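First the proteins, then the strands, lettered A, B, ... as listed; each starts at 1. Values in this document were obtained by computation on a predicted structure and should not be read as measured data. What you see below is based on every heavy atom in this structure, not just the backbone, and it leaves out hydrogens, waters and symmetry mates.
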Amino acid sequence: MTLAFQAHHTETSESQETEDRMSRYEPSKIEAKWRERWAETNIYEVDMRAAKRPFYNLMMFPYPSAEGLHIGNVFAFTGADIYGRVKAMQGHDVFEPFGYDAFGIHSENFALKQNIHPMTLIRDNVNNFREQMKRLGTRIAWSHEVDTTDPAYYRWTQWLFLQLYKQGLAEKRSAPVNWCPSCKTVLADEQVIAGKCERCSTEITHRDLEQWFLKITDYAERLLNNLNWIDWSPVIKTAQRNWIGRSEGLQTRFAIEGTSESVTFFTTRPDTIFGVTFMVLAPEHALVDQITTPDQKDAVDKYVTEAMAKTAVDRQQAERTGVFTGAYARNPLNNERVPIWIGDYVLATVGTGAIMAVPAHDTRDFDFARKYDLPIRVVVAPSDWSGGELAEAYTDAGTLVNSGEFDGMASQDASEAIVKKLESDGTGERTVAYRLRDWLISRQRYWGTPIPIIYCDDCGTVTVPEDQLPVELPYVENFRPTGTAQAPLALADSFVNTTCPECGKPARRETDVLDTFVDSSWYFLRYPSTEFDERPFGRELTEKWLPVDNYIGGKEHAVLHLLYSRFITMALHDMGHLSFEEPYKRFRAHGVLVLGGAKISKSRGNIVSPDDYYASHGADTLRAYLMFSGRYDEGGDFSDKGIEGVSRFLHRVWDLVERYRGQEGEPQLTDEAERLLHRTIKRVTQDISNLKFNTCIAAMMEYSNELQQREALHVREIETLILLLAPFTPYVTEELWARIDRTYSVHQQAWPAFDNELAKLQEVEVAVQVNGKTRDIIEAAAGSEEAAVVALAKQSERVQRHLGQSEVVKTIYVPDRLVNFVTKG
RNA sequence: GCCGAAGUGGCGAAACUGGUAGACGCGACGGUCUCAAACACCGUUGCCCUUAACGGGCGUGCCGGUUCGAGUCCGGCCUUCGGCACCA
């Protein structure tokens, strides 16, 4: 990365300019001044109660890392800020808050590495972030700042947990969970990426532990259905649909011979049920111990132990393996005996943790059958099937064979018929299965919100009474994770030992802390209500400001924060705390900035700080450059190669204003100039609403290029240019606004309006084609009659040369765009 | 493997519902200014052929199709990025 420091303002040029009574644009001389003025005059604060046209403009609050804001954050926040600034100029009372998602493994791991206590570390980081955000020139309402590690905030995170608990949506249960051996804590499924820890990329193992879960699966159907109407970027909706993973099928069971038990399983292919030649249970399946025959016990025990020790990645990549349990089940449809195996390709957490194996029609079962020499029976015939053995599993639909009364039916009809039969027998039922699983929220770490639960020998699990919140996170010297299922807080006796709120006897506190995503699942509800100490959010303010009008953030949270916060909002709605069930009216995903093709991160050593650019070019130039150099929703590879172009543009705008100030008298605004003015306003206004900031800036560049050609400038041209630019470059426009003696602040002015009629071109260029090839371009008045334009087109010498002697068989006319002569031959 | 997005000059990128491909900017080249340089400003800049001038051909990842006309629509590939991944 090379920074080009340019001397725009050398000693010589300065003195020359002074003679001309012209000044030079020097960002460093104006930015601090206006930042102070904005703070003194509170222009970005909102009267939350009196606001007439409330508009909640939200950006994703960041994790305040020690490295400070990087260029990717700046890119994201600038776009959101521009949007908020335009809305404000359009007459809305824009509320644009900011905060810090400062609990969590990331902060804690860093604190461990640096050997600084997170309480100290985070405070410093937050201060640094706040300063950098202020320098960026955002219109944040700083009086509503939120910090998830502040007891005044997490008190209400605990309150939220208690409400969920009372509602039966939070429960502690034993389950196989994802364990990160490096972070030494459990993780939610959403935090496991391809079998690895989201934070440190260590391969995940599984443990059976008593853990707290939030029952997000109760809301699976609603979370899915609401996606049909919320106004969100399609990418995110798709990601959520896939994650929820709804599938319809049949749940049924095969009785186990010689016991009263049966194996329950789910299948999306009831049409293949006659092809079952064995069954497979997950090694962790509850029935394994019960049904294993004595002669198979050693083999089974050994296999189970080995499977449990493997990482998720190993279990996925390894060859299919399994062991026979010695037990048999009976297929009720054909009364066949089928052997029951265990195998680690069947996952305990998917469906019922057991499958009917149909090797002929499932690739995984096919491989398994081949390996252990189990029978493969075709029951769904491919269209070209001659009755022989299959070389590989046939997984598509077909015609049923070897399936008794269902022979000859098509797959879909057969599925339907088989489900009906099992339903009427009472041995099966239609079921909807989801891929989504409950949200695991316990963490065996220190740096998080304590779970407000107390265990009493007599009273059992007891909630901390709401008036005793918050359960404060104690300062402990040794906050290192223990590596066992115990959290560091378990070692802090003064924290653990308490009394039971119900019976008063000695009791123990829960020592796990909450997943950070619980903290962030409701922060947008807190922002408008930061003034309240006695409740998480006020009803009136919440009704007035929520749901969020515009939320801009990264796609990386598609199935984490964005799914969790929808769930929490729905649950609070159902408990009567909120009148709405979707938190964000509109969500737009911005792109990700990368550097040299790699994601920006400290570990890659490719952090680019905005500070260097603040110093070399000013915050305005950085903002405008980031917005100009590509699409906001796509992001891309960051390079500062073109920053000089944007810098030049801002200098030109400055010089234009200076020229205007120095000019004598004022010219008439010609009709043509008037039209260009309206056209520019229209382009910028429309592109902003679609977050196409790059083309906005291009339009303003074109406009200023045009103004530069003028002998003299009209006041409306100068004013409009400053106003249009104001959301993008707030400092320099404030300065220029003052320089033309307008009232403070430019950011409180009305957004320029355009007249659609005036924005239209009067003269248009019409392409004249012969057989689809453009041969000439002619000028015509906009809205001309077809006959007139065609006549004009025919007169063109170039067109005539191409027409030659050929006969025109067809003439296409597209008003104001083109004429196409189609000739014969 | 499945789902999603995208492939356009030397580079970042534009292009409304199928209608002048390359706006805007970077870089490069030429010029003005300067003792000189930097800055600034003016001009040229998709590729190829050709001309004194005019002109002509090709061109939006590849192959094909629809259409008077395709960057845009359809079919089939290739590549890149993102997401999910033994989901039964």
A/Q800 atom CD, over 12 foreign heavy atoms within 6.0 Å: yes
Looking for any heavy atom pair under 4.0 Å, which part of the strands does A/R437 touch: base, sugar-phosphate only, or nothing? base
Just checking A/H361: base, sugar-phosphate only, or nothing, at a heavy-atom cut-off of under 4.0 Å? nothing
Is the phosphate of B/rG12 approached by A/K641 (side-chain N or O, under 4.0 Å from OP1 or OP2)? no
Looking across every strand, which nucleic acid part, if any, lies under 4.0 Å from A/D362 by heavy atom: base, sugar-phosphate, or nothing? nothing
Name the closest nucleotide to the A/S629 side chain, picking from B/rA40, B/rG19, B/rG12. B/rG12
Return the pairing partner of B/rU60 with a 3.5 Å limit on both distances, Watson-Crick or G-U wobble; otherwise return none. none
Identify which nucleotide among B/rA88, B/rG25, B/rC68 has an atom closest to any side-chain atom of A/F628, counting heavy atoms from C-beta outward. B/rG25
For A/R798, report the nucleic acid contact type (base, sugar-phosphate, nothing); a contact means any heavy atom under 4.0 Å. sugar-phosphate
Scanning all shown strands, the Watson-Crick or wobble mate of B/rA15 with both distances under 3.5 Å is none
If you measure from the C1' atom in B/rC87 to the same atom in B/rG18, how many Å do you get, rounded? 42 Å
Closest of B/rC68, B/rC87, B/rC24 to the A/A698 side chain is B/rC24
Look at the side chain of A/E765 and decide which nucleotide, out of B/rU20, B/rC24, B/rA88, has an atom nearest to it. B/rU20
Assigned partner base of B/rA53, Watson-Crick or wobble definition, under 3.5 Å: none
For atom P, what is the distance between B/rG82 and B/rC77, given to the nearest Å? 24 Å
Given the P atoms of B/rC41 and B/rC49, what is the spacing between them in whole Å? 34 Å
Between A/A348 and A/G772, just flag the one whose closest nucleotide in RNA chain B comes earlier from the 5' side. A/G772
Between C1' of B/rC87 and CE of A/M356, the distance in whole Å: 14 Å
Using only heavy-atom distances, decide whether a donor-acceptor pair under 3.5 angstrom links the side-chain of A/R817 to the base of B/rC16. yes
Under 4.0 Å, counting only non-hydrogen atoms across every strand here, what does A/I643 touch: a base, just sugar-phosphate, or nothing? nothing
Syn or anti for B/rG61, given that syn means the glycosidic angle lies within 90° of 0? anti
Expressed as a whole number of Å, how far does the P atom of B/rU72 sit from that of B/rC63? 13 Å
Counting the atoms with a prime plus P, OP1 and OP2 as sugar-phosphate, which does A/N694 contact under 4.0 Å by heavy atoms, base, sugar-phosphate, or nothing? sugar-phosphate
Regarding A/R246, tell me which of base, sugar-phosphate or nothing describes its non-hydrogen contacts under 4.0 Å with the strands shown. nothing
Does a donor on one side chain sit under 3.5 Å from an acceptor on the other, for A/E658 and A/S23? yes
With a 4.0 Å limit, can you tell me whether A/R241 has a side-chain N or O closer than that to the phosphate oxygens OP1/OP2 of B/rC3? no
I'd like to know if A/E221 pairs up with A/R246 as an ion pair, taking the criterion as any Lys NZ or Arg NE/NH1/NH2 lying under 4.0 Å from an Asp or Glu carboxylate oxygen. yes
Presence of A/N705 side-chain N/O under 4.0 Å of B/rA23 phosphate oxygens OP1/OP2: no
Partner nucleotide, any strand, of B/rG4 [Watson-Crick/G-U, under 3.5 Å]: B/rC81
Kindly point out which of B/rA6, B/rG69, B/rC26 is positioned nearest to the side chain of A/R648? B/rC26
Hunt down the Watson-Crick or G-U wobble partner of B/rA70, both distances under 3.5 Å, from any strand shown, or write none. none
Return the CG to CZ distance between A/L333 and A/F274, rounded to the nearest 0.5 Å. 4.5 Å
Gap in Å between the two P atoms, one belonging to B/rG76 and one to B/rC3, rounded: 12 Å
For B/rU34, give its Watson-Crick or G-U wobble partner with both distances under 3.5 Å, or none. none
NA contact type, A/E556, heavy-atom cut-off 4.0 Å: base, sugar-phosphate, or nothing? nothing
Would a line drawn from the ring center of A/F278 to the ring center of A/F368 be shorter than 6.0 Å? yes
Under 4.0 Å, counting only non-hydrogen atoms across every strand here, what does A/E702 touch: a base, just sugar-phosphate, or nothing? sugar-phosphate
So which one's nearest nucleotide on RNA chain B is more toward 5', A/V235 or A/L818? A/V235
Nearest of B/rG27, B/rC24, B/rC42 to any side-chain atom of A/Q709? B/rC42
How far does the P atom of B/rA15 sit from the matching atom of B/rG22, given to the nearest Å? 13 Å
Once you apply a heavy-atom cut-off of 4.0 Å, does A/R801 come out as touching a base, just sugar-phosphate, or nothing? sugar-phosphate
Please check if any side-chain donor atom of A/N690 sits under 3.5 Å from a side-chain acceptor atom of A/Y632, or the reverse. no
Spacing of A/D655 atom CG relative to B/rC41 atom P, expressed in whole Å: 8 Å
Over 12 non-hydrogen atoms of neighbours within 6.0 angstrom of CD in A/E763: yes
Please tell me if A/R652 has a side-chain N or O lying less than 4.0 Å from either OP1 or OP2 of B/rA40. no
Do A/F517 and A/W439 have ring centres separated by under 6.0 Å? no
Using a cut-off of less than 4.0 Å, is there contact between a side-chain N or O of A/H802 and OP1 or OP2 of B/rG56? yes
Whether A/R775 contacts B/rU20 is assessed here as follows: a side-chain N or O lying under 4.0 Å from the phosphate OP1 or OP2. Is that the case? no
Rounded distance in Å - CZ (A/R631) to C1' (B/rG7): 13 Å
Should the pair A/R775-A/E797 be classified as a salt bridge under the 4.0 Å nitrogen-to-oxygen rule? no
Rounded distance (Å) that lies between atom P of B/rC3 and atom CD1 of A/I244: 19 Å
If only side-chain N and O atoms count, and only distance matters, is there a donor-acceptor pair under 3.5 Å linking A/E644 with A/H617? yes
Can you tell me the distance, in whole Å, between the CH2 atom of A/W243 and the P atom of B/rG83? 12 Å
Using a heavy-atom cut-off of 4.0 Å across all strands, would you classify A/N242 as base, sugar-phosphate, or nothing? sugar-phosphate
Counting any heavy atom closer than 4.0 Å, what does A/V346 reach on the DNA or RNA strands: base, sugar-phosphate only, or nothing? base
What interatomic distance, in whole Å, is found between P of B/rG7 and the corresponding atom of B/rC73? 11 Å
Integer angstrom distance from the C1' of B/rA5 to that of B/rG61: 15 Å
Could you tell me whether A/K692 contacts a base, only the sugar-phosphate backbone, or nothing, with contacts defined as non-hydrogen atoms closer than 4.0 Å? sugar-phosphate
Less than 4.0 angstrom between a side-chain N/O of A/R679 and OP1 or OP2 of B/rA23, yes or no? no
Does any nucleotide pair with B/rA28 by Watson-Crick or G-U wobble geometry, both distances under 3.5 Å, and what is it? B/rU44
Please confirm whether the shortest side-chain N or O distance from A/K773 to OP1 or OP2 of B/rC58 is below 4.0 Å. yes
